[in-house]
Amino acid sequence: PLPTYDEVLVCTPDTKEEEVELIVRRALSSDSQNQKIYCLLGAEKLVYKVSKQLESHFFRLLQSSTVPDYRFIIFCNAKVHNSYVITAFDTYKVAIPCYSKTEIQAYLSTHLKVPCGTAPVAQAFEEPYQQNVKFVFSNRAGMGR
């Protein structure tokens with residue numbers, strides 16, 4: 001399943017050390033073996049002090065963790081070269097291949113199907129196949145459209 005709200009931290013320059021520590025603790029705790037995927041999005045935006053704390057918490061908790069297959073993903077913009085997070089976790093770096101919009105849509109249409117008879121929200125869309133996830137974009141964000 002896709003990550004839920006408690007598994008994702010969207011980073012900004014205002015992200016606090018406590019928020020970063022909490023998600024790292026969740027990812028490396030013994031409770032994390034329930035197949036959750038913990039994610040930091042835009043980690044390159046973290047300020048230096050918070051980035052250092054992320055590294056410190058991660059490696060400290062990793063040493064004391066008994067979870068062999070934790071699921072913790074840090075997403076960073078590859079074009080940003082002055083980020084401490086990118087440097088600190090460079091040995092764990094994985095390049096993600098680029099796919100076309102058509103390839104992504106085909107993948108999502110086959111993997112994110114709504115089970116038959118349980119799609120009241122998905123029925124709002126007029127497409128022949130029902131999916132669990134829809135992305136809605138607006139030119140007037142925040143206007144309730």
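Residue numbers start at 1 and run along the sequence shown. We use all heavy atoms of the structure for the numbers below, so side chains are in, but hydrogens, waters and symmetry mates are not. Just so we're clear, the structure is a prediction, and the values are computed from it rather than from any experiment.
Minimum heavy-atom separation, A43 to I74: CB-CG2, 3.4 Å.
Hydrophobic clustering (side-chain heavy atoms under 4.5 Å, transitive across Ile, Leu, Val, Met, Phe, Trp, Tyr) groups F59 together with L46. Put simply, F75 and V80 are part of two different groups of oily side chains (I, L, V, M, F, W, Y) that touch within less than 4.5 Å, one to the next. Both Y70 and L40 belong to a common hydrophobic cluster when Ile, Leu, Val, Met, Phe, Trp and Tyr are linked at side-chain heavy-atom distances under 4.5 angstrom. Linking ILVMFWY side-chain heavy atoms closer than 4.5 Å, directly or via other members, places L62 and V20 in a single hydrophobic cluster. Following chains of ILVMFWY side-chain contacts shorter than 4.5 Å, one can reach Y92 starting from F72, so the two form part of one hydrophobic cluster.
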Quiz: residues 9-17 side-chain donor-acceptor pairs under 3.5 angstrom, not counting sequence neighbours:
| residue | atom | partner | partner atom | Å |
| --- | --- | --- | --- | --- |
| T12 | OG1 | D14 | N | 3.1 |
| T12 | OG1 | T15 | N | 3.4 |
| T15 | OG1 | T12 | N | 2.8 |
| T15 | OG1 | T12 | O | 3.1 |
| K16 | NZ | D14 | O | 3.4 |

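Between F89 and L54, the closest side-chain pair of non-hydrogen atoms falls below 4.5 Å. The side-chain heavy atoms of L22 and E19, taken from C-beta on, include no pair separated by under 4.5 Å. Between Y38 and L28, the closest side-chain pair of non-hydrogen atoms is not below 4.5 Å.
Within 6.0 Å of the OH atom in Y99, the count of heavy atoms belonging to other residues, nucleotides or ligands does not exceed 12.
Separation of atoms CD (Q53) and CZ (R60) is listed at 8.5 Å; rounding is to 0.5 Å.
Listed by chain and number, the residues in a side chain to side chain contact (heavy atoms under 4.5 Å, CB included) with Y5 amount to none (sequence neighbours excluded).
Relative ring orientation between Y48 and Y84 is described as perpendicular, the plane-to-plane angle rising above 60° on a 0-90° scale split at 30° and 60°.
Listed for the R26 side chain is a donor-acceptor partner under 3.5 Å among the backbone atoms of D6. E44 places no side-chain N or O within donor-acceptor distance of the main-chain N or O of S83, the cut-off being under 3.5 Å.
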